[in-house]
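For reference, the structure discussed in these notes is given below.
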Protein chains: 4
Amino acid sequence: MSHNTFGHLFRVTTWGESHGPAIGCVVDGCPPLVPLTEAGIQVFMDRRKPGQSRFTTQRREPDEVKILSGVMMDDDGVQKTTGTPISLIVENTDQRSKDYSEIKDRFRPGHADYTYLEKYGIRDYRGGGRSSARETAMRVAAGAVARQVLTGVTIRGALIQIGEHRINRSNWDWAEVDNNPFFCPDKAAAEAWADYLDAVRKQGSSVGAVIEIVAEGVPAGWGAPLYGKLDTDLAAAMMSINAVKGVEIGNGFEAAGLTGEANADEMRMGADGRPAFLSNNAGGVLGGISNGDPLVVRFAVKPTSSILTDRKSVTRDGEEVDVRTKGRHDPCVGIRAVPVGEAMIACVLADHLLRHRGQVGGG
Amino acid sequence: MSHNTFGHLFRVTTWGESHGPAIGCVVDGCPPLVPLTEAGIQVFMDRRKPGQSRFTTQRREPDEVKILSGVMMDDDGVQKTTGTPISLIVENTDQRSKDYSEIKDRFRPGHADYTYLEKYGIRDYRGGGRSSARETAMRVAAGAVARQVLTGVTIRGALIQIGEHRINRSNWDWAEVDNNPFFCPDKAAAEAWADYLDAVRKQGSSVGAVIEIVAEGVPAGWGAPLYGKLDTDLAAAMMSINAVKGVEIGNGFEAAGLTGEANADEMRMGADGRPAFLSNNAGGVLGGISNGDPLVVRFAVKPTSSILTDRKSVTRDGEEVDVRTKGRHDPCVGIRAVPVGEAMIACVLADHLLRHRGQVGGG
Amino acid sequence: MSHNTFGHLFRVTTWGESHGPAIGCVVDGCPPLVPLTEAGIQVFMDRRKPGQSRFTTQRREPDEVKILSGVMMDDDGVQKTTGTPISLIVENTDQRSKDYSEIKDRFRPGHADYTYLEKYGIRDYRGGGRSSARETAMRVAAGAVARQVLTGVTIRGALIQIGEHRINRSNWDWAEVDNNPFFCPDKAAAEAWADYLDAVRKQGSSVGAVIEIVAEGVPAGWGAPLYGKLDTDLAAAMMSINAVKGVEIGNGFEAAGLTGEANADEMRMGADGRPAFLSNNAGGVLGGISNGDPLVVRFAVKPTSSILTDRKSVTRDGEEVDVRTKGRHDPCVGIRAVPVGEAMIACVLADHLLRHRGQVGGG
Amino acid sequence: MSHNTFGHLFRVTTWGESHGPAIGCVVDGCPPLVPLTEAGIQVFMDRRKPGQSRFTTQRREPDEVKILSGVMMDDDGVQKTTGTPISLIVENTDQRSKDYSEIKDRFRPGHADYTYLEKYGIRDYRGGGRSSARETAMRVAAGAVARQVLTGVTIRGALIQIGEHRINRSNWDWAEVDNNPFFCPDKAAAEAWADYLDAVRKQGSSVGAVIEIVAEGVPAGWGAPLYGKLDTDLAAAMMSINAVKGVEIGNGFEAAGLTGEANADEMRMGADGRPAFLSNNAGGVLGGISNGDPLVVRFAVKPTSSILTDRKSVTRDGEEVDVRTKGRHDPCVGIRAVPVGEAMIACVLADHLLRHRGQVGGG
């Protein structure tokens, strides 16, 4: 069962609400002898943390991660994992619970308020409680651990669409991703997006986005044929992120419109004497198993549900009301979903690396 | 772990290769006292089985399902589940193993031949072995059991796109779905598709498709906030089906292009005195939990990889060759994916019904 | 969840009732390229099968196992596993359902009749249904697969106590185990037991037993510190066998009476230049992890509940009655528990071998 | 997989080493609306905490538990669970790492030092690291949460044997258990044990113990027939506790010596009009399912491995040495195992309560 756990051999369990004292996670199953430091994890926390540009929530949290267990200095003074569970924690410092009091009994449209109450009969209304995007900080922390396990694998993400505006793929430059507040690989697009999103933000509105994650260096053979497919777990990982409504592998929905001739990735022998694919429509997965080509995963994030415009709603007691969500919100939650998506891919891959070791090798 | 198992409380484990003596599954966790007969399952098997029109593979298998365990006649002569595992089996009768001998050492582009061999060092080349679409017969059988558990829930699927041809949604008529060989809800589209797909078939080519599944009658409250999200499991279920490359919930990728105002499903009190949504952009899931509206899931199936045109490939020994896949294949494997998708949704929902019972109820 | 599944990476799911058409299991997660034949499995089935002496049930079942999936002939003509699920099946041929009609509505003391009905509201009364010892045939089949995975490991079991009669451990001779109908390693004890058990059998009575299983050749390092302890899984495996009421590792309950000095297994360097233990009170496990010494597991089986003497009971309708259980039963079900215990140990070890591969290895 | 997690629907994941900054656990799957406070948990922490008599380690830790997530004040001012993961933490305050420096490279006999190093290639030698009995504090905390879920169930434990000294069962008085430092239900035995254990302690020696846990109020029907047996999970839970070497249910190993007539628990109709058992040899479980009678579980704890007498050992580098373990240790670790055993039983039962809800109920 997996209420709050992700993965099988590399297992991440997250806990914590937006407005409690802290949030955290336990990474269980990380192999021993993997170098791991707080500073190494913090690099990735900082990419996701709020308040770094005017396009993300102005909530200011340092998001400093602490390692509470599972590591030890080796004889050479390098801190390494010991094979025991790694507990990571981040204190919540900027909570402002009062912001939320007025939506205590109202269901914010697009939010999980109504469904949580229907399920549990009680809900933590402060900042979305468990469904707050704040939880994704711990995914990024766990993903940083996973990256340490994945030697030789490079995982990078980019925002490729914001609202109705898509990048021009021929402008793709990974080096640009960190030069703009959108993780956008198309310099020209990023410039246009700044104006566009400023307008959205000033209206108190929001827009959705599409993110693409690419993992290079995954060898052929990870995954399994059917219910343990690598792409099944990638899809589940993406869909488990707040606000995600769609996932694609390789050419995804576009594949539906192609013929078998156009879609097949032909093969020839590569310069290294190994079979090589001449295209990557498959997005690096065939029959649930990695084929050695880059994994390509895209996912769609819906527009932030917290907006400053009145929406029709009802209260817990059945009164019909109009709701607008004050507070400090991301006009496009998809931006900060880039490091989160990368982290989830890292967790899936670390899990599948370990699973692969346990699946083969004969008697 | 889930190499060949799907679900947690309602668990389905499938086994069998295309060209072995039989395929089967074990449904574990089905509650007791649920009426279940072979005839009741067979209805769904027959919707999926091959050879029913010129648009699906001419392989002819009766696909007769047998129940080997887990049921018993009650005192009123009604056969019911006993709470013990239900073993279902279908014999393979039309195997023609010789058809496949010539691709024994060649990697068919788009197939899992290469990745299976990379992973396992051995592969059952006969009919795709484990990765054959034949395995989906057992998903349909398990789904038929799941439907028995889901009293009050209606699950229906339809083909909404074939190749580049989409239906006109304003023509949608569920009653049409069983009147054409495509499970198409748009009568006019179905007629046009017949000519189109005849041409594809005669060229020995293939095309992809998009399927939409709708589940009505699911009450609010099934699912869980994060890693046990209902939509996470729906996405995983769809992606676990052979040839699927994309999954959407509700308005899916289209949500990325919308504003928060347009995407929010507003609420008012319904005629029944309960909160009601005025639209269903969410596709019936909010924050991972069902909201009482119909669940709407779409998935994209790539074109059948088995085509009669030469594609470049290599052999196990590194020789560069051209491969075409003879044999009897579906020109659009997406057609038969409709009952398979329905079945997988049924399995996910049965699992979540049982999980919900185990998640709430207090001390 | 594990209603009917055992193991994590080497997973066994069994199905079937005593009086249905067949029983079977699915072994999922077996690595590829492991040699496996029906004949190789049958050897172990035959050790467990009933009717081989006057001391086990006279029910006669050939217990012929068939492999329905998951294997393939390799290029050298050796049948090997392919990494896909292995479906094993045994037909039920000697069912005599009528024997059980009179206990349809009566709870047999010591049997699960009452608890099944309380749980499920329906029970298969024929031969105990799912709780029949017949299910253990599939454990033995799965164990035979596990043994193939465990190259270098020898797993042997013996009956060391029957009723109140214990063997003399100084007479222990593994070679004797297959020379008597009790799997008894003490020749003198076996002779005395024959007379003793004849008397028990003639009275229609029954007795319990203690079994000891020893696994040699397990390297140091399998297992995990706390909830994934090797001994935790060994204990669970033993307790999952019908009629088992106690489990010990190493010197077990006797350890409670010892001092720390007496119980510690001291260490010295062995002739092979590796650390060696000077005793094996631990039974081969320290802190949940194998230490390289033989694993020693003992378990207690209660007397067969089916006896020919009247016992007080009640019916489904609350009538007080006396029940005696006719039919063909083992006077000591512990005898046939020896190959079952061996098989379960094999399954646990195969699982932990694969888990170990997935737990270590660094990044 | 379950490296550091216990349970399926009521899931406990523990983390932390003896000498890190803190230890903790995450309780996932606790139903909503269950009253829960730190003070309520602390009551149970205090029963286990060290330094309460001269018979337990003099390490002094306040063991103050904090709840970091998963609870919320309801409208009536009662703090309740919300259905989200409950994070519990206890700071380590009395660590004295220097005590352990001299055993950094030596394997303490009876400890997991050797096996951890064999498995992981690195080990936290400070205080046993992950294998420290300190981890059991979090089991007790999780057990306190489980007790809140188990309304109507009473779980009590007692020490019934220390070294070779067993209680006289006819003296059993639950009220005595909290009147002596041994959790002993036999007043006379407790007095004798004080002298005995003083002598053991003064010699720097240690002894083992047997604990019995009784759970009353469990209704008939929890558990499942085979691999999800209630007794299987009880056995696993006990064996997962440090130093446990044996587990029994009901009359356990004694059952091996009985006849079927003597062992059967006969039935008659009870005063409440429900079937009642006339004895409880079964210990409350029949066929893996609770029968409504008290659950009776016993487990054996080996003598504390840390003793002040030299034992032969070797170092990491293969040098033969003598090792004695200085520091502050329990002369009988079995004493503090009483609240730990109770807690684990509570966790198993809470899990099975939730599983039962998810297993029955029909379609």
Side-chain angles (χ1 to χ4, degrees), chain B residues 1-5 7-11 13-17 19-33 66-72 74-75 80-89 91-92 104-105 116 119-126 129-131 135 351 354-355 358, chain C residues 1-5 7-11 13-17 19-33 66-72 74-75 80-89 91-92 104-105 116 119-126 129-131 135 351 354-355 358:
Chain B
M1 286 292 298
S2 53
H3 298 120
N4 289 284
T5 295
H8 293 272
L9 297 193
F10 185 91
R11 290 174 72 79
T13 301
T14 75
W15 56 266
E17 281 80 41
H19 285 65
I23 58 175
C25 71
V26 183
V27 179
D28 193 14
C30 182
L33 300 171
K66 281 183 204 150
I67 303 177
L68 296 184
S69 68
V71 294
M72 197 187 184
D74 73 3
D75 289 344
K80 288 186 176 158
T81 59
T82 60
T84 60
I86 300 164
S87 175
L88 303 173
I89 194 168
E91 284 179 42
N92 288 331
K104 176 172 178 297
D105 294 314
Y116 271 47
K119 182 168 195 86
Y120 296 118
I122 185 173
R123 78 180 167 94
D124 192 339
Y125 52 85
R126 298 164 300 175
R130 183 68 180 146
S131 67
E135 186 266 350
D351 191 36
L354 303 185
R355 288 163 73 166
Chain C
M1 287 292 298
S2 52
H3 297 120
N4 290 284
T5 295
H8 293 270
L9 296 193
F10 186 91
R11 289 174 72 80
T13 301
T14 75
W15 56 266
E17 282 79 42
H19 286 64
I23 56 175
C25 71
V26 183
V27 179
D28 193 13
C30 182
L33 300 173
K66 281 183 203 151
I67 303 177
L68 296 183
S69 67
V71 294
M72 197 186 184
D74 73 4
D75 289 345
K80 288 186 177 159
T81 59
T82 59
T84 60
I86 300 164
S87 175
L88 303 174
I89 194 167
E91 285 181 42
N92 288 332
K104 175 171 179 298
D105 293 315
Y116 271 47
K119 180 167 197 88
Y120 297 117
I122 185 173
R123 81 181 164 93
D124 192 338
Y125 52 84
R126 298 164 301 175
R130 183 69 181 144
S131 67
E135 187 266 350
D351 191 35
L354 303 185
R355 288 163 73 165

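Residue numbers begin at 1 in each chain, while the letters A, B, ... track the order of the sequences.
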Rounded to the nearest 0.5 Å, the CD1 atom of C/Ile89 sits from the CH2 atom of B/Trp15 at a distance of 6.5 Å

Given B/Gly83, B/Pro31, B/Gly7, the one with more heavy-atom pairs under 4.5 angstrom with chain C than any other is B/Gly83

Side-chain (B/Asn4) to main-chain (C/Asp28) donor-acceptor, under 3.5 angstrom
no

Residue B/Ile86 versus chain C: region with a heavy atom under 4.5 Å:
neither

Looking only at C/Ile67, C/Asp74, C/Thr13, C/Leu68, most heavy-atom pairs under 4.5 Å shared with chain B are made by C/Leu68

Partners passing salt bridge (charged side-chain N to carboxylate O under 4.0 Å, His left out) against C/Asp105 (at least two apart in sequence or in another chain):
none

How close do B/Met72 and C/Arg123 get, counting heavy atoms only, and between which atoms?
SD-O, 3.4 Å

side-chain hydrogen bond (donor to acceptor under 3.5 Å, both in side chains) test vs B/Thr84 passes for just one of C/Glu17, C/Arg130, C/His3, namely C/Glu17

So for C/Ile23, is it side chain, backbone, both, or neither that comes closer than 4.5 Å to the heavy atoms of chain B?
neither

Please examine the side chains of C/Tyr120 and B/Lys80, heavy atoms only from C-beta on, and report whether any two atoms are closer than 4.5 Å.
no

Just so I understand: if I count every heavy-atom pair under 4.5 Å between each of C/Thr14, C/Val71, C/Val26 and chain B, which residue has the most?
C/Val26

